[in-house]
Number of protein chains: 2
Amino acid sequence: MKKDSRKKATIYDLSMLSGISPSTVSAVLNGTWRKRRIKESTADLIRDLAEKHQYTTNRQAQGLRSSRSGLVGLMLPVYDNRYFSSMAQTFEAHVRQRGQCPIVVSSSRDPREERETAENLISYSIDELFICGATDPDGVHQVCEAAGLKHINIDLPGTKAHSVISDNYEGGRTLTEAIIHHFPADDPLVPDELFLFGGRNDHASRERIRGFRDVKRALLGADPEASIQPTGYSPNTARIAFETFFEKAGRLPRALFINSSINFEGLLRFMSAHPHETFADLVVGCYDYDPFGSFLPFPVIMMRQDVEGMITKAFELIEETRTPPKIHLIRPDLVPPRTALTGPLDGLKDIV
Amino acid sequence: MKKDSRKKATIYDLSMLSGISPSTVSAVLNGTWRKRRIKESTADLIRDLAEKHQYTTNRQAQGLRSSRSGLVGLMLPVYDNRYFSSMAQTFEAHVRQRGQCPIVVSSSRDPREERETAENLISYSIDELFICGATDPDGVHQVCEAAGLKHINIDLPGTKAHSVISDNYEGGRTLTEAIIHHFPADDPLVPDELFLFGGRNDHASRERIRGFRDVKRALLGADPEASIQPTGYSPNTARIAFETFFEKAGRLPRALFINSSINFEGLLRFMSAHPHETFADLVVGCYDYDPFGSFLPFPVIMMRQDVEGMITKAFELIEETRTPPKIHLIRPDLVPPRTALTGPLDGLKDIV
DNA sequence: CTTTTTTGCACAATCGATGGTGCAATTAAT
DNA sequence: ATTAATTGCACCATCGATTGTGCAAAAAAG
């Protein structure tokens, strides 16, 4: 009876089997059947049949017709660190809860690749795009705008669409204060013992640096220009910066403000080439949270960005296209050294 | 002239504008035009027009017609740890290189959710599915099989399709040996000072445990049953196991074989509740690599699973459906303490 | 027992791209 | 100058679901 069981059943198959027209089958299965005044009994019949034949709707056909795919895109710079991977995890949970399907891609912080990635996603008729940590959010905006695609910026702000980002200035202040206060009153930090490494000339780095400087000036009385060492977002350039500093100064600073966990990995690389004693009295503040990072042999104070809060806010705002673009700040949390926070993993059932 | 510029141009638009038939336009733009004996000049004309109007093909329509979407799926248990996030990163790179689009989803180690996730991906007519770390790979296989979808298991093996997994037995042996050899000859480890925590009753855990026991018996002469403490793959159950042990024994074992970085996070949670001295002479081996984990205050020996190797092998094998299902083992690498390996992040350009 | 209203569903066009088929016009062969 | 072969492209059905429209049959109103 059934044709090749390898081919999925379609509404036409169900139509043939039941003698009911394809349009009615469709209406029943997509829930619009009441509006179309289909008899309850007819609906039941079709639903049974659909179940029996394991019918699932072909989303390509559905999407073609309705020009909505049920796909929601998230564009990330990279997957492979705790900040972005928890972003992906949280995003996915939200999307699936709305009955849609997440499609997460990375674009390597390259403006051209960002635009091409967006184009590519658009060719799949995605319904919405979350642009996270883009180097050129406004470039991506143009592409989305041209296709009439709803979109929102996360992590790094743009000027053409709403943005939801970490409160980098306040976060930078808080972290800097925590670093300074970590030193005892009888042996306090002095201005040229506290350096900021990492980041580049983007909104997040600028704001964090501004917070860093403001607090440094206020609490330590001075803020030498040289205490800011932007390195880009790469472990390797950060490593080189640490090496260079170390060779010049003969030691690391007593205290480091590291701009991201990616840059922190640069410190790890530096560490692997130097004996443990090099870090005996080091204090690190890192703008990102990584559970293992929190337990290194020296005190590591971390800022956990509120990923859940950012994603939630972004979902609220993505519908909002009437009001002029605005930047929404989400406060990050200070995480003291040796702290293991719970995360998305804790949502899973504990099966042994 | 142009209609709503918010709507993407279609082959019909280009057809109207050029006076050339849609089928010819299509042939030119999808590359089959030589086979269809289209004049070079006609092709040029259409390509110019396509460029001018920023034409991109509608993948839904294309997919509907050809029943191939260009989407390649990866199903993960979770995103949020370095092993799986590097899996996602590596997978994406391979897929994009083949001109396809990655679609990564997580399924929480829940057999039902795994099958439903697969169904959902299938409804998007994905071309291939990589099933990574699935609790019930054979269940997912059934779903794929019914839809005629090519698929392959990674990380945890199934019996119905090819599997590419870490060489858990050899890895387990190597790691156990490394732990034991980390202790000096004048104060060697004794059998009941080395415990294995984490994992559950899955293929990976069983093989690692087998390697652990074999080496332990060979090098230490005995292997008490109690030295294996499966906890499932959750930070919290692992934490509880450490707490329980600690309360009973008054201390942690001198050496730990931890089954995964997720379980290692359970140790972090335990650590946050105990003073630093508790871990003064601890040696840890962890079956997974995390750069920050490698630099904890005690020696941490890690096994890095060869994600790149596994993904590469999986892409080779997924085409191979004639031969009976086989398990392909990929050797992991031993990573000594205080080692910062490079990873996918290093592929990015270093922009400051 | 008509006329009007409501119910229940079928028909057919549509979304955009693809590929088999057919048919002029051009070129080559005889 | 015919016939045969080749070139260049148009036509049309198709993939599967959606939706506006139309039309019988059943029910309600008169």
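Proteins come first, then strands; the chains are lettered A, B, ... in the order of their sequence lines, and each starts at number 1.
Looking at Arg96(B) and Thr117(A), their side chains do bring a donor and an acceptor atom within 3.5 Å of each other.
Between dA10(D) and Ser21(B), a contact under 4.0 Å exists linking OP1 or OP2 to a side-chain N or O. In this model, the phosphate group of dC9(C) is approached by a side-chain N or O of Thr42(A) to a distance below 4.0 Å at OP1 or OP2. For Thr10(B) and dG16(C), the shortest distance from a side-chain N or O to OP1 or OP2 is not below 4.0 Å.
The side-chain heavy atoms of Gln89(B) and Ser106(A), taken from C-beta on, include a pair separated by under 4.5 Å.
Out of dC9(C), dG8(D), dG16(D), the shortest distance to the side chain of Arg37(B) is found at dG8(D). Checking dA10(C), dG16(C), dC9(D) against the side-chain heavy atoms of Lys39(B) singles out dC9(D) as nearest. If you check dA17(D), dC9(C), dA17(C) against the side chain of Tyr12(B), the one that comes closest is dA17(C). Comparing dG16(D), dA17(C), dT19(D) by their closest approach to the side chain of Ala61(B) singles out dA17(C). When the nucleotides dG19(C), dA10(C), dC9(D) are ranked by their closest atom to the side chain of Thr24(A), dA10(C) comes out on top. Looking at the side chain of Ser23(B), the nearest of the listed nucleotides dA17(C), dG8(D), dA10(D) is dA10(D). Checked against dG16(C), dG20(C), dT21(D), the side chain of Arg36(B) finds its nearest nucleotide in dG20(C).
When heavy atoms are screened at a 4.0 angstrom cut-off, Ser66(A) is found touching no nucleic acid atom at all. Gly31(B) comes within contact range of no nucleotide atom at all, as no heavy-atom separation falls under 4.0 Å. Contact annotation for Ile20(B): backbone-only contact, meaning every heavy-atom pair under 4.0 Å involves sugar-phosphate atoms and none involves a base.
Remark: P of dA17(D) and NZ of Lys8(A) are 10 Å apart, rounded to the nearest angstrom. Rounding to whole angstrom units, CZ of residue Arg34(A) and P of dT6(C) are separated by 19 Å. Rounding to whole angstrom units, CD of residue Gln62(B) and P of dC15(C) are separated by 18 Å. Atoms CG (Leu64(B)) and P (dG19(C)) sit 13 Å apart, rounded to a whole Å.
Lys8(B) pairs with exactly one of Asp13(B), Asn58(B), Thr56(B), Thr57(B) by the side chain to side chain donor-acceptor pair (under 3.5 Å) rule, that one being Thr56(B).
Gly70(A) and Asp127(A) make their closest contact through N-OD2, 2.8 Å (heavy atoms, listed as atom of the first residue, atom of the second, distance).
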